[in-house]
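Structure first, then comments.
Along the sequence shown, residues carry numbers from 1.
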Amino acid sequence: MSTVYVEDLARVCASVGDLLAGVRPEQWKEPTPCTEWNVREVVAHLVGMDLVFAAMVGGGPVPDRGADCLGDDPVGAYRSSSASLLAAFSVPGVLERSYRGPLGSATGTERLQIRLYDLLAHGWDLTQATRIPVRLPEDVAERALAFARSQLSTQSRSGRFAEPQPVEETAPAIDRLAAFLGRPVPPQL
């Protein structure tokens, strides 16, 4: 089952990369449902977290939090960080090992699933902000929602996520995931 998560990650990374390739220059400063960040800042978060997760499971140095990780090519920076992330999670044995982080220990598979739900939620944010239609994989969103529900039921949301928002149970899984992670559906930009 663990290799399915690596395949899921590849699909979501590709979907978000396709979305970013369509962002027009004036859209980089647009607000997002993730209210503290605009489009460019959400992408900087995605790139930074890709690099953090790749360093965590690969044993490399964690990137400097204050550094501009996008430069003049946010799409290229995202694609490069996604490639590093996928390479790190594809190393044999990585998914079975345990890794310490700020919120405790978790296996590589659990770390990958955390990365997946964050990436999907921010992909949703970017879709809402830019109005660029993207197909975030519904089956992956459904699995990510189930994992997020099980994981966050025992952890504090404080400083990470707002309280879950109401959403129809018949809504697409990506909308239910966004609502579970504190975004109003539909978004209020």
Any residue meeting salt bridge (charged side-chain N to carboxylate O under 4.0 Å, His left out) with Arg183, in chain and number order, not counting sequence neighbours: Asp125
Nearest-0.5 Å distance that lies between atom CG in Asp118 and atom CG in Leu46: 6.5 Å
Looking only at the side chains, is there a donor atom on one of Gln151 and Tyr117 sitting less than 3.5 Å from an acceptor on the other? yes
Looking at Val185 and Asp175, what are the two nearest heavy atoms and their distance? CG2-O, 3.5 Å
Charged N to carboxylate O below 4.0 Å: is that the case for Glu142 and Arg176? yes
Identify the two heavy atoms, one from Tyr78 and one from Val47, that lie closest to each other, and give their separation to 0.1 Å. CA-CG2, 3.5 Å
For the side chain of Ser80 and the backbone of Gly76, is there at least one donor-acceptor N/O pair under 3.5 Å apart? no
I'd like to know whether Val62 forms a side-chain contact (heavy atoms from CB on, under 4.5 Å) with Met56, so could you lay out the CA-CA distance, the side-chain angles of the two residues, the decisive distance to 0.1 Å, and finally the verdict. CA-CA 7 Å; Val62 176; Met56 180 188 302; over 6 Å; no
Compare every heavy atom of Ser81 with every heavy atom of Leu51, then report the nearest pair and how far apart it is. CD2-CB, 4.0 Å
Are Val134 and Val16 close enough that some pair of their side-chain heavy atoms sits under 4.5 Å apart? no
Where do Glu36 and Cys34 land on the side-chain contact (heavy atoms from CB on, under 4.5 Å) test, with the steps shown first? CA-CA 6 Å; Glu36 64 271 15; Cys34 195; 3.8 Å; yes
Got a second to check how far Leu20's CG is from Thr130's OG1, nearest 0.5 Å? 8.5 Å
Taking side-chain hydrogen bond (donor to acceptor under 3.5 Å, both in side chains) as the definition, give me every residue that meets it alongside Ser90, ordered by chain and number, with sequence neighbours left out. none
For the pair Tyr5 (side chain) and Leu95 (backbone), establish whether a donor and an acceptor sit closer than 3.5 Å, ignoring hydrogens and angles. no
Ser105 and its side chain to side chain donor-acceptor pair (under 3.5 Å) partner, picked from Glu110, Arg100, Arg111: Arg100
Taking only Lys NZ, Arg NE, NH1 and NH2, and the carboxylate oxygens of Asp or Glu, determine whether Arg79 and Asp73 approach each other closer than 4.0 Å. no
Could you tell me whether the side chain of Arg40 reaches within less than 4.5 Å of the side chain of Val23, counting heavy atoms only? no
Stepwise side-chain contact (heavy atoms from CB on, under 4.5 Å) test for Glu138 and Ile174: CA-CA 6 Å; Glu138 188 69 7; Ile174 190 65; 4.2 Å; yes
Trp124 and Leu136: which non-hydrogen atoms are nearest, and at how many Å? N-CD1, 3.6 Å
Would you check if the side chain of Ser15 reaches a backbone N or O of Arg135 as a donor-acceptor pair within less than 3.5 Å? yes
Mind listing the closest non-hydrogen atom pair of Ala129 and Pro31 along with its distance? CB-O, 3.2 Å
Is a side-chain N or O of Gln113 found less than 3.5 angstrom from the main chain of Phe147, in a donor-acceptor match? no
How long is the straight-line distance from OG1 of Thr32 back to CG of Leu126, given to the nearest 0.5 Å? 7.0 Å
Below 30° counts as parallel, above 60° as perpendicular, anything between as tilted: where do the rings of His45 and His122 land? perpendicular
Only counting residues at least two apart or in another chain, list the ones meeting salt bridge (charged side-chain N to carboxylate O under 4.0 Å, His left out) with Asp64. none
For residues Gln165 and Pro184, report the shortest heavy-atom separation together with the two atoms involved. CG-N, 3.8 Å
Residues Arg115 and Asp50 bridged, charged N to O under 4.0 Å: yes
